[in-house]
Every structure is written in C-alpha cells, then in structure tokens.
Amino acid sequence: TTPGEDQVPANTFFFRITAQDNAPLPQLQQGDPIAQGDDYMVVTAMPAGRFQFGAATFTPGMVGNTYTYTIEEVVKQGDNYAPVSEAIQPNDDGAYVQDGMTYDATKYTLTVTVQATADGALEAVPEYSNGTDTVAEPTFTNSYDPADATLTGDAAIHGTKTITGRAMTDDESFTFTLKGANEATTTAMTDGTITFGGQSKDTYTQDVSGADEDTAAGFNFGDMVINKDGTYTFYLSETAYVDGDNTYTGSQLDNPINGISFDRHVCTVTVTVTDEGGQLAGKVEYSTVDGGSAFTNTYTANETYGTDVDLTVGKTLAGRNMKQGEFTFEISATGDNAEASQDKLDAAKIAATFKNPQDASSGVESTWTIFENLAFNQEDAGKTFTYQVKERIPAEDERNGVTYDASVYEVAILVVDDADGTMHTVTTVKKGGEQVGDPFDSSTGTVAPKLSFENSYHGAPVTVDPETDTRLQFNKVVTGRDWL
C-alpha cells in the first residue's frame, strides 16, 4: 500500500498467469480480466491486496497429468503488460524501481497434478515454488518510496543581509537562525525527514560577513533534502551579532550596538512537499511581512564639530585698544566639495561673516571659537569639507590708521567614521598655502591650530602752528615773589 493509505489503489498492480504446454487457462467467476490471450490472463490486485485468476477446468481425461503455470507481476507499457524484469532496468542494488515504486520480479511456478481420489472424484493438487523453495502461495511485496526532494541554491531556504550606512567591518558578523515553527516540523528536522547540508538537527545557523554598504549578501543553510510529503513551517530570524571578541544575542539586539539598529522581524517560511509521480517536489514560500527573508540593519554615526575640537580665531590689535565688533571676518566654502561644505554651514546656521566678540587692550589677543555645531553623519565619512577664513579689509580711506592682516586661512575638515557609531575629524589648517602646525585629530586630543590675525594702529601725524593754535599757548605763574 502507498504511505497513508490502508488499501491498494485500484489498477495499480498487475499480475499475469501463463499456461505452459496447453494447460487449461483459469477463468474469472466474476468480471473480466485486465487482459487475456490464448495462454495468459492479467488481473489487478483487489483493495485488500489480494488477487485471483479464477478456476481452471480439469477433465477425467487429464488424470495423471501435471500442468505448469508461471505467475509473475507485470507492468503496464502502453497497451501491453511486461514482466517486471523486462519492463524496468534494475538499479545498482538490483531493485526494480519505477516512479518511486519498487516492484517484485519474483517468478512463481504453479504445478497442478490431476488425480482421482479413492471414491473416484477428480482432484487437482497445486504446488507453488519461487524457484528455490516451495511456498504456500505466491506473495509479491511492493514498497513505495518516492525520490527525495532536494532543494539547492535559491530554491532552498535562503535570505539576504544588508547593512546601510557603511560596509561590514572585518571583525564583525551577523548570525541567522532557522528553526521549526511547530512540533511536527521540529520532529521532521531531528528524525532525518528533513536535512540541511546532510545534517539532521533542530536548529541551524548561518553567519554573514564582509558585505559592502547597501549590498545584499545572500545566505542559506545548505542543500535541503526532504523524504516525506507534507507541509513544514520554519522561523527565520537574526539572532546574534559578533564584533571581535564580543557577542551580542537575544534582547541585546533590541537596542543599537556600535551604531547598528538591528532588523528584529521574524520571517515565517513554509515548505510544501508534494509527490509528483514518484518524485517529491518542494516549494518554499516566505511571509512578506517586514521584508520576508530580506533583513536590513541600519548604521548611523554622528559627530558635532566643537564637541571634541575647538578651532579658534585669535585677533590682536597693537597701538590702541580694540573695540567689540570692530573687525569683520568672512567664512566661505571652497574646494571640490564646496556645495556640500556650504550646506553644512547653512545647517549649523553659521553666518558668512562674524565680528570680534569682545573688547581687548592694545597688544592683547582676543580669541573665540568658530565652526561650532557643524554636524556630520555616516554619509560624510571619508569626505573633506573645506572653508576659507579671512579678515575683511575695508577701503584704504576707511581704515582709520589700522593696518589689516591680509592672511587667508584654509580649513580642511576630514570626517572619519570609527565604525562603532562614533566619528572623529582631522583638521588641517593652511595659511597662504602653507600648512600651519600638524593636522588636528579630534580623537587624540592634540592642540588645534589657531587662526591668528594681527592688526596694528598708527595715528596720523598732526601739524600745529604755535602762532595761531591756542592749544599750544602756556602761562607762567611765579609765587612767593614778583617777577624780576
């Protein structure tokens, strides 16, 4: 019988009796044979698994004779029926298998001896042999075992892993777990009904690493082999994150780690296995909720300029005291990335001009910070934002005795992603094309360069006529005696 059925399906198995040397052919008492010739008859097995050829007629003239028949299983080929050994090529094990069914090629010999009893009645004495032994009756054993369903590559259970914001680092990997969604599937995974990569266990894991930014990296759990039809349900999810010597699992992934927000959805995978004429076929379907078998993690990192670095402007006026707001400075975006650099200024609400914020005594430097709140994120990593800073020099007739510093500074800010949710900057300052000091790395805490501007004041000379300018007239007073 076939798996899951208590009875033999109709017209599935056929058997032939062939009469040798003009032996009388049996005749069915009811119904018609499947096929019949002068010396043979083909019948099919009944639902209970038995079959019969009916009765043969023997006459008194046959007493003392022996009649021979062969009984064998046959396979339908078009309109004909051929013995198993002729219809099917044996496999390496010598078995005759077709469409998952193993047929029995045993050929039985029936010998009937006709004799008279003591009271003169006719008696036909049958004897069955399988070629080696005498048996009570012919018995044919068939077994059904459809070829396993083997799912490989994209046909097997698989998924993809994408990280946005940056590429995966050399030290990190992401782990995915596949397990049974119900008891029946879990049992099938452990009893060998379902294997992955030749293994039989209740949980499988697969790691993903080395993917570029925004690039889906595929993964699967090996070739999937299923040896029984049915419907199997699995859960697929991301379950671990490894960063160097650190491993994070379970609820730890509910919160960002190293700037990574994890995809926490669980994909339901349904595998339907059907019998396609002796060959099991499997079809994999994924729930479409939250991306199905595609998992996307998001990486973010931020850095605000001025948090770890204070880039300052220094202003000195020699020759007189400096007044608050007396001098004006200009900031402008420049370089190959000028448009993006300007966008950063606008976002931080940094004006194109600024003034010295306080009074200062003659020769005393006044300092203040610039580029505060200049914000960067992971999309800026590897980019350089360049700015020009200079003092605005008024027309010559508006300088009022002040000699202005014509220095032009270039400030180049390289943004570096630390790949752990943090960032830092490396600031290089040039004056007139020449680098000022060493580049400032905000992660090391070295001293940032200062943009120094030095002005000087020289009052204009004044010509005085002592005869006419009363400001130079003096009086002399003598006390204690009269003038001489």
Side-chain angles (χ1 to χ4, degrees), residues 148-165 167-168 172-243 246-258 260-274 280-299:
D148 297 345
T150 301
L151 305 178
T152 62
D154 288 342
I157 295 178
H158 65 280
T160 61
K161 176 64 180 179
T162 303
I163 184 169
T164 65
M168 297 181 188
E172 68 183 359
S173 63
F174 303 84
T175 301
F176 292 85
T177 297
L178 182 72
K179 63 181 182 178
N182 51 47
E183 184 177 353
T185 300
T186 301
T187 299
M189 295 171 71
T190 55
D191 68 9
T193 300
I194 300 173
T195 61
F196 289 88
Q199 301 182 69
S200 180
K201 54 185 181 179
D202 62 358
T203 302
Y204 295 85
T205 60
Q206 185 63 48
D207 294 336
V208 177
S209 61
D212 292 332
E213 179 182 357
D214 295 328
T215 301
F219 65 89
N220 63 50
F221 300 91
D223 291 350
M224 183 180 185
V225 179
I226 312 168
N227 63 25
K228 185 178 180 180
D229 59 350
T231 300
Y232 305 93
T233 307
F234 306 82
Y235 288 144
L236 173 61
S237 60
E238 185 173 10
T239 54
Y241 167 61
V242 176
D243 178 33
N246 301 313
T247 300
Y248 306 89
T249 61
S251 61
Q252 291 177 306
L253 305 184
D254 292 341
N255 299 308
I257 301 171
N258 293 339
I260 300 173
S261 295
F262 295 86
D263 190 333
R264 302 298 288 140
H265 86 274
V266 177
C267 175
T268 300
V269 184
T270 303
V271 180
T272 304
V273 181
T274 55
L280 295 181
K283 179 181 180 182
V284 180
E285 296 178 293
Y286 303 88
S287 62
T288 57
V289 178
D290 297 326
S293 63
F295 294 82
T296 301
N297 291 357
T298 303
Y299 174 80

Enquirer: If you define the side chain from C-beta out and look only at heavy atoms, does anything of Thr186 sit under 4.5 Å from Lys179?
Expert: no
Enquirer: Between Tyr286 and His158, is the ring centre distance below 6.0 Å?
Expert: yes
Enquirer: Does a donor on one side chain and an acceptor on the other come within less than 3.5 Å for Asn297 and Glu238?
Expert: yes
Enquirer: Give me the atom names and distance for the closest heavy-atom approach of Ala217 to Val208.
Expert: CB-CG1, 3.7 Å
Enquirer: What is the distance from atom OG1 of Thr270 to atom NZ of Lys283, rounded to the nearest 0.5 Å?
Expert: 11.0 Å
Enquirer: Which heavy-atom pair separates Arg264 from Asp254 by the least distance, and what is that distance?
Expert: NE-OD1, 3.0 Å
Enquirer: Could you tell me which non-hydrogen atom of Ala240 sits nearest to which non-hydrogen atom of Thr249, and how far apart they are?
Expert: CB-CG2, 3.9 Å
Enquirer: Applying side-chain contact (heavy atoms from CB on, under 4.5 Å), name anything that partners Asp290, two or more places apart in sequence or on another chain.
Expert: His265
Enquirer: Distance from Thr177 atom OG1 to Gln206 atom CD, nearest 0.5 Å?
Expert: 10.5 Å
Enquirer: To the nearest 0.5 Å, what is the distance between OG1 (Thr164) and CD (Glu213)?
Expert: 7.5 Å
Enquirer: Side chains of Asp148 and Thr150: is there a donor and an acceptor less than 3.5 Å apart?
Expert: no
Enquirer: First locate atom OG of Ser173, then atom CE of Met168, and finally report the distance between them rounded to the nearest 0.5 Å.
Expert: 9.0 Å
Enquirer: Would you find a donor on one side and an acceptor on the other, under 3.5 Å apart, between the side chain of Ser200 and the backbone of Met189?
Expert: yes
Enquirer: What distance separates Thr268 OG1 from Phe234 CZ, expressed to the nearest 0.5 Å?
Expert: 12.0 Å
Enquirer: Give the minimum heavy-atom separation between Asp191 and Thr193, together with the two atoms involved.
Expert: OD1-OG1, 2.7 Å
Enquirer: Are Phe174 and Asp263 side-chain neighbours, meaning at least one heavy-atom pair lies under 4.5 Å?
Expert: no
Enquirer: Restricting to non-hydrogen atoms, name the atom on Thr215 and the atom on Ala211 that form the minimum distance, rounded to 0.1 Å.
Expert: O-CB, 4.0 Å
Enquirer: Any idea which heavy atoms bring Ala156 and Gly222 closest together, and the distance?
Expert: CB-O, 4.1 Å
Enquirer: Would you mind reporting whether Glu172 and Ile260 have side-chain heavy atoms less than 4.5 Å apart?
Expert: yes
Enquirer: A side-chain contact here means heavy atoms from C-beta on lying under 4.5 Å apart; do Cys267 and Val269 qualify?
Expert: yes
Enquirer: Quick one: pull up OH in Tyr241 and CD1 in Ile257 and give me the separation to the nearest 0.5 Å.
Expert: 7.5 Å
Enquirer: By ring pair (Phe, Tyr, Trp, His ring centres under 6.0 Å), which residues pair with Tyr232, not counting sequence neighbours?
Expert: none
Enquirer: I'd like to know if the side chain of Thr185 pairs up with that of Asn182 as donor and acceptor (distance under 3.5 Å, no hydrogens or angles considered).
Expert: yes
Enquirer: Can you check whether Ile194 reaches Met224 side chain to side chain, under 4.5 Å on heavy atoms?
Expert: yes
Enquirer: Return each pair, listed once, that meets salt bridge (charged side-chain N to carboxylate O under 4.0 Å, His left out) where at least one residue sits in residues 214-224; pairs must be two or more places apart or across chains.
Expert: none
Enquirer: Does Phe221 form a ring pair (Phe, Tyr, Trp, His ring centres under 6.0 Å) with Tyr204? I'd like the steps, not just the answer.
Expert: CA-CA 7 Å; Phe221 300 91; Tyr204 295 85; 7.1 Å; no
Enquirer: Take a 6.0 Å sphere around CZ of Phe219 and say whether it holds more than 12 heavy atoms from other residues, nucleotides or ligands.
Expert: yes
